Every structure is written in structure tokens, then in C-alpha cells.
Amino acid sequence: MYGRVYASILQKASSYRLVVYSAVPLQVRVLIRLLCFSSVLLQTHHALSAPSPSPLPQAVHHCSLSSWITSGSHHRCHRCSTCGSHHRCCTGEESGFWFQGGRHFSTRQDLDFQQGQVQINSILRSNEQTVNVPEFDGRALSAVRKFESNQLPANTPNEDRRSAATCLQSKGMLFGVFDGHGGWACAQAVSERLLYYVAVAMMPKQSLEELEKCMEHGRPVPPVLQWYKHHADFNYRDSASLYINHLRVFWQDLLDNEEHDSGMSPQDALDIAFKRLDTDISLEAQVPLSNDLMKSTAIQVAFAGCTACVAHVGIDGIHVANAGDCRAVLGVQIEDGSWGALPLSQDHNSQNLAEVERIKAQHPPSERDTVVTDDRLLGVLMPLRAFGDVRFKWSHELQQSILASMESGVDLDSFNLYQYTPPNYLTPPYLDVTPEITYHKLRPQDRFLILGSDGLWDELGSEEAVRLVGEHLSGIHLQAPVSPAERQLKLGQMHELLLKRRARASPAVDPNAATHLIRHALGTGEYGELSQERLASMLALPEDLARMYRDDITVTVVYLNYDLASTNNLKVYLKGF
């Protein structure tokens, strides 16, 4: 991971100070900044060449299809690459420059490169979300007590997305984490649409017929999902009608299926939803659309890509559908009070040997050495399952035909990236979105579910993440007994061991567990302690350099109503039917 490679550079960078000095002419200040960033990049090059050594108010939306796009502000708050502030950016009158050591001499403003605790908390908590779920919502008991979520971008704009909603025409809640690549367009579209496809597939035929009648007669459509949106969530307003029309075709196909009576099981619904949405994304990029903007959006969505991990949580258990390298991990409390991690998904990348063999088996033996090279699909793509990414699915002729059909009013420069053909592109498709689905029946010891994009798992192991959330939840930091081998340690080694143990017992500063995970993912020091210096350095990186050190991070922690796993409680609940 880049964050590990650049640790030494970050440490050195922390000794620099940013000083605002308005008396220096603007041209000189700009030149100084360019020289300083060149120095940082030069250090980066040397490092790579060297041998290896508080919650925000939430909006709850009962979303009907006739109001697909929720109202509200969608302005994005970008951190200034100079001052790190979320509220205002330095102008030409207040530019800054770097110097090492010494005291400040500015008459107007002096900003430390090492940001204070208040600034760190502001950055880490700006996208956090906490939602408490009623135990009984008038229709059924809920298997979810509450959930906490957060995002920390590295790309500008963030290429990760997240979704959470309650199914109103069926049972259970849906949670999704989506990691975009080649831009944010595909992750955005999938985060808006996929939960609808899952919910519609689980709806009984009678409810689908009611949806269709309302659409035919222009009546208000009954809401399908109750969304839990963060105030900064963005929606594709101009594509809403297209999305609704294709969702309607999907439920019409379900109505034509004689076997679709009481609705699909969560497992079948997740499977068909992933595949059908990816098919719709592909078709939308190929058919004529009403305007250039909609056509441009459809092509961006199809040529970009995203991985997805979606969980359906119901009283009977958890179904997880995964395509790509996001991950779902269940937090289990063991009888002695310690915590264990139960994986509910597998990463679909080159580290998964079964996945590599699956893909190789789909192509001629002559391609066995080229299908996955340098730990990437065709030497290019890291995830081995994904939405979109039609460069790995369509024929070369179809790709060129679609790009050539773009109207003259569209900025073709933005599509230059899509004209790149991967090497050894001989027998497409090389990629699909078929999800791997896992089912887990809820037990009394199952306490929470963590969904995270690979930006989290690059920095934390599953066991460590579960331990952090478990101890955050219980407030108890358990220490394993000293092993016989540890008793033989020398005095200096024992001192290091004690430092690590003390670091583990440090109190949490974030009420939100997702924020707690992100803080530890970026700020863990040598002994497992939270390093303020390291965390500040990671958060102070300019936007154009942050992606070199880490990935976008998205985390959702779902707290389970584990009392429902009690046989007696389930019997009481089932008597109501």
C-alpha cells in the first residue's frame, strides 16, 4: 500500500510549516509553491525507486418512483489544497509557502502543517452518519438497531459511494458500499439504482401490479424504499426518467414470469438485480437518448466501473452479495468477551486463486498467461468482477462504434480514456458482475456487520477492524495473557510489548464507529497507538497528492438486534402471522 511506502516522506513532511505572507508578490509565491511541490514529488520518486525496506443531522426519505431524485442541497465541500480548510480557500492575496524549522514571521496568519485536533476531527467527521432504527416500524421487527457510516475521500471527487434503505414493500434493510474506478460515474449510478432492483425483485406480484397500475394511470406510485441519505449525497437528476423507465421494464418482466408470485428470496433477488442492472447500464450506452447530456452520462457510467458489496439484513439472517474487492465482515462476540471476525464475502482480485482460475477457464489455453498479469486483469484492472467497465466486456468494434456515434456537441476529450484497448484483448468478455452470495443465519453472538471499500482493508485486517469496533461498542479493551514465548523477551522487547498493550487500551475519541475505524486506519503508529502526527500528515496532503498515499475509504457499521436470534423471541414474533 502506498501509505506504507511513503511513511518516511510523511514524517519528513511533518517538519514543514505553511506560512501565509501576503507581502510577497503573487508570481513569486506561486513559483515558491511549485518548487516545493516539485521537491515533494522528487522525494516520492526516490522512495519508489529505492529498494523495498459528532453526527450530522440525517435526512430520511420515503422514495416513490415518481420522485426518484430526493430534494436538498448537493453542494460539495472540497478541502483547499493549501490550507486544508473545508470552509474557504486561500486566494491570491493569502497564498502560502513552505520553510523548514524556524519561527513564524507572518503578520496575518500562520497555519501549522500539522493540523490541530479540532481540524482533524472536522475533516474525519464531515461525512459521518448515524441512524437509529425503530425496533418495530409498524410492519415487522427490525434486525438492525442502528447503523453508522462515514467516508474519507482521496480522489477528487470521491469515487466511493454508499447506500442504505429500508424495504417498504418487502422485509429487511439493504446496505451497500460501492468503489468506483475510472471515475465516479458508475459508482454513482449503481448506488442510486441497485437497491431499487433488489427491492422490486423481492416484492410479491400483487405489489408489482399496483406499481404498474399507478404508472399506467399517472397516479402517485407507492414508495418502494425508505432511503437514509447524507446531506452531501449527490443524484443524477437528468437521468431519473431513464432509470425509472428501465426499472419499470424490469418489474414488467417479473410480472410476465408465472413463477413470480410471492416475490424472490433475498438471495435470488440480489443475484438477478446485479446482473440486470449491469445489462441495463450496457444497453443505455448503446441506444439513442433524448439529449447529449443523458447520452454522455450513460457512456461515462458504462465505460467507468465499480465494485459493489450489498447486504440484505432480515430477521432470518444476512445475505451478502459481493462483486469485486469491497468486503463484508461480521463481528462476533465470543463467550470470554473477546471478538472474532467472520468473513461474509471474498475479495475478487488476483490474491483469490480460485477467482483467477475461474477467469482463465473462460478463455482459450493460449491466453492463460495473459488473462491475469501483474496481478491485474489483462495487466490493467485490479478487481476481477465489476459493474460497467465495458472496455473489458464489449467487442473492440462495438466500443469504437459507440464512441464514434457521439454527437458533435459532446466534449470528446473527456472520453479519450475510454479509447484505450487493453493488451491481449482477444476473446471478450473478460469481466462480469455475477455476485458471489453468502448467507448467514443470525445468532445471539452476532453483534455487528462491517461493510467497507478496499481503501479500508488496504490499511486494516478484518480481525483488527472487528476488534476496534467491538471494543468501541463494549468500552472494554481485553488483553490476551502473556504467552510463554513473551515471558522470555528481553527487557527492551518487553517494554515494546507493554507499549503496544497500553496503546490498545487508549479511549476512543469518536462516538461513530465508522469514524473510529478510519482514524485508526490512517493514524496507527509503530506500536499500534494512534499517532497524531501521522494522522495529521495524511489528512494534510494536497488533493493532487492524496491518492498516491491512500485510497478513498467508505465504511458502514450495522449493529444487529441479536436478541431476535433467541428462539423464544422468534416464536413470539411468528405467532403474529
Side-chain angles (χ1 to χ4, degrees), residues 55-61 63 69-70 72 74 76-77 124-131 133 144 146-155 157-167 173-181 183-199 225-236 270 273-274 277 304-313 320-329 344-345 386-387 448-457 465 469 512-518 521 551-559:
L56 296 170
Q58 307 305 323
V60 178
H61 304 278
C63 285
I69 308 302
T70 57
H74 301 293
R76 294 189 173 274
C77 182
L124 287 177
R125 297 172 181 173
S126 62
N127 293 312
E128 70 179 7
Q129 180 184 32
T130 300
V131 175
V133 179
V144 176
K146 70 173 181 177
F147 68 90
E148 297 172 334
S149 184
N150 201 353
Q151 292 185 300
L152 183 70
N155 292 289
N158 187 3
E159 294 183 353
D160 278 6
R161 293 294 186 272
R162 58 184 170 178
S163 296
T166 296
C167 298
M173 293 186 68
L174 291 165
F175 300 91
V177 169
F178 312 95
D179 186 353
H181 48 264
W184 52 270
C186 188
Q188 176 62 45
V190 173
S191 70
E192 290 182 49
R193 306 174 67 181
L194 183 57
L195 302 197
Y196 273 120
Y197 280 64
V198 178
L225 292 172
Q226 174 181 307
W227 286 91
Y228 303 96
K229 298 277 189 178
H230 186 267
H231 69 87
D233 286 350
F234 170 82
N235 288 289
Y236 273 140
L270 288 163
F274 271 63
L277 177 56
C306 85
T307 63
C309 189
V310 175
H312 176 272
V313 184
V320 172
N322 185 54
D325 50 10
C326 294
R327 191 183 302 173
V329 180
L344 295 186
S345 68
F387 282 93
F448 54 84
L449 176 68
I450 304 175
L451 296 174
S453 62
D454 70 332
L456 174 72
W457 308 115
V469 174
N512 185 298
T515 308
H516 182 66
L517 281 176
I518 295 175
D551 198 358
D552 301 322
I553 300 176
T554 297
V555 190
T556 297
V557 180
V558 181
Y559 295 94

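Not measured: the values here are computed from a predicted model. Every heavy atom of this structure was used, including side-chain atoms; hydrogens, water molecules and symmetry mates were not.
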Next on the checklist: Checking F387 against F178 for the ring-ring contact (aromatic ring centres under 6.0 Å, His included) test, could you report, in this order, the C-alpha distance in whole Å, the side-chain angles of both residues, the deciding distance, and whether it holds?
Outcome noted: CA-CA 10 Å; F387 282 93; F178 312 95; 7.7 Å; no
Next on the checklist: Working note: H230 + N127, criterion side-chain contact (heavy atoms from CB on, under 4.5 Å); need CA distance, chi angles, decisive distance, verdict.
Outcome noted: CA-CA 7 Å; H230 186 267; N127 293 312; 4.0 Å; yes
Checklist entry - When you look at L174 and C167, which way does the side-chain contact (heavy atoms from CB on, under 4.5 Å) test go after all the steps? => result CA-CA 7 Å; L174 291 165; C167 298; 3.7 Å; yes
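At least one donor-acceptor pair closer than 3.5 Å links the side chain of S163 to the backbone N or O of S191. Judged by distance alone, with hydrogens and angles left aside, the side-chain atoms of N150 form a donor-acceptor pair with the main-chain N or O of L124 at under 3.5 Å.
For the residue pair S149/R162, the side-chain donor-acceptor check at 3.5 Å is satisfied.
Taken from CG in N512 to CZ in F147, the straight-line distance is 10.5 Å, to the nearest 0.5 Å.
Every residue two or more places apart in sequence or in another chain was checked for a side chain to side chain donor-acceptor pair (under 3.5 Å) with D325, and none qualifies. Not a single salt bridge (Lys or Arg N to Asp or Glu O under 4.0 Å) links E159 to another residue, sequence neighbours left out.
Heavy-atom minimum distance, L517 versus A465: CD2-O, 3.6 Å. Closest heavy-atom contact between A513 and V557: CB-CG2, 4.3 Å. Nearest heavy atom pair, residue W184 against residue R161, reads CE3-NH2, 3.3 Å. Heavy atoms only, all atoms of each residue included: C309 and L451 are closest at SG-CD2, 3.9 Å.
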